[in-house]
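I have placed the structure first, in the form of structure tokens, so that the comments after it can refer back to it.
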2 protein chains.
Amino acid sequence: MRLTKGCKKVLDVLESIHELSSAQDIHGRMRNEDDKAPGLTTVYRSLESLVSEGLVQAVDLGDGERRYELVKPGEHHHHLVCESCRQSVHLDQCLIAELEEGIRHKYGFQVKGHILEIFGICKVCTAK
Amino acid sequence: MRLTKGCKKVLDVLESIHELSSAQDIHGRMRNEDDKAPGLTTVYRSLESLVSEGLVQAVDLGDGERRYELVKPGEHHHHLVCESCRQSVHLDQCLIAELEEGIRHKYGFQVKGHILEIFGICKVCTAK
DNA sequence: ATTAAAATGAAACCCATTTCTATTGTGCTT
DNA sequence: AAGCACAATAGAAATGGGTTTCATTTTAAT
């Protein structure tokens, strides 16, 4: 599968932001710079294919708005999300990967995927 | 805080189901049995207070629909959700609780809460 | 019984996402 | 280069949880 124009533009935006961004954020940014940037529908579709390509990961913070983020192809990571400033820190390792084998043994369950996000107060906000 | 009628009915339904159920599910069931059971708004409000009381936990499976489940007061647990039959198995311990101290040290981040759900194929469905 | 506060129901509203339909762009064939 | 088929796109409308609003009813306290 080849990258369409829409996908490329979405990737451009994601490269320039280092924050989790919603589809609407991304669309908004694109339209700010260029009135006839791809429409929202295209952004959603592009994100969908980027996610299935493993170039982008979707993150669910439980607020009803999915966020997206560039990742190293095929990898993923989780976040410490500050409830005060909403900034997020990446965890450098996935805590679940190591547990998969144990889960398979104990429950006979084949792990295919997972959701994990941690909420709290970050270092900076604690200091205040 | 005292339990209102609405809350009690919601609790009744949750006691009778042993599955994760959405607000709409719960409301539907209540209305099936009794045409003038509390309305959807009340169900949402009741769930909100039950959650904040720690009697019910909200579970986010990333599909935009929150599910609810009775828990022992103040406790919570995570799930192995089967992508084939949608049944879920409870994990008997929270994997995150043990990590909180490490996270505080390593990142200076005070953990307040988390989302964790694991997806895959359950024992029964694997056997098929 | 009176009155203030809490709870409720119905409808309106919000907003992310999806669907639908028509249009545009791209590459391929001849 | 012209025609053709199909993928990609836009934009509007529909969908669907969920939330808010507001008028009404219920509850609790005095």
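Residue numbers begin at 1 in each chain, while the letters A, B, ... track the order of the sequences. Everything quoted here is computed from the prediction, not taken from an experiment.
Between Cys7(A) and Leu50(A) the shortest heavy-atom distance is O-CD1, 4.0 Å.
As judged by a 4.0 angstrom heavy-atom cut-off over every strand, Arg45(A) is placed among the base-contacting residues. The residue Leu40(A) sits close to a base: some heavy atom pair falls under 4.0 Å.
Residue Tyr44(B) places at least one side-chain N or O closer than 4.0 Å to OP1 or OP2 of dG18(D). Here Lys36(A) does not reach the OP1 or OP2 of dT9(D): none of its side-chain N or O atoms lies under 4.0 Å away. Dashed line: the shortest gap from a side-chain N or O of Thr4(A) to OP1 or OP2 of dT9(D) is under 4.0 Å. Here Arg66(B) reaches the OP1 or OP2 of dT19(D): one of its side-chain N or O atoms lies under 4.0 Å away.
Between His90(A) and His18(A), the ring centre distance reaches or exceeds 6.0 Å.
With the nearest nucleotide of DNA chain D identified for both Arg67(B) and Gly6(A), Gly6(A) has the one nearer the 5' end. Of the two residues near DNA chain D, Gly39(A) and Lys5(B), the one whose nearest nucleotide lies more 5' is Gly39(A).
The separation between Asp25(B) atom CG and dG17(D) atom P is 10 Å, rounded to whole Å. Leu20(B) places its CG atom 16 Å from the P atom of dG17(D), with the value rounded to the nearest Å. If you measure from atom CG of Asp63(A) to atom P of dG18(D), you get 13 Å, rounded to the nearest angstrom. As rounded to whole Å, 14 Å separates atom C1' of dA8(D) from atom CG of Leu3(A). The CD atom of Glu65(B) sits 15 Å away from the P atom of dT17(C) (whole-angstrom rounding). Atom CZ in Arg31(B) sits roughly 13 Å away from atom P in dT8(C) (whole-Å rounding). Across the protein-nucleic acid pair, Leu47(A) atom CG and dT9(D) atom P stand 12 Å apart, rounded to whole Å. What separates NE2 of His27(B) from P of dA11(C) is a distance of 12 Å, to the nearest Å.
One can find a donor-acceptor pair under 3.5 Å joining the base of dA10(C) and the side-chain atoms of Thr41(B).
Using a cutoff of 4.0 Å between basic side-chain nitrogens and carboxylate oxygens, Glu48(B) and Arg45(B) are not scored as salt-bridged.
With dA16(C), dG18(D), dT8(C) as the choices, the nucleotide that has an atom nearest any side-chain atom of Thr42(B) turns out to be dT8(C).
Residue Arg29(A) places its CZ atom among 12 or fewer non-hydrogen atoms of other residues, nucleotides or ligands, all under 6.0 Å distant.
Panel note: side chain Glu83(B), backbone Phe119(B); no donor-acceptor pair is recorded below 3.5 Å.
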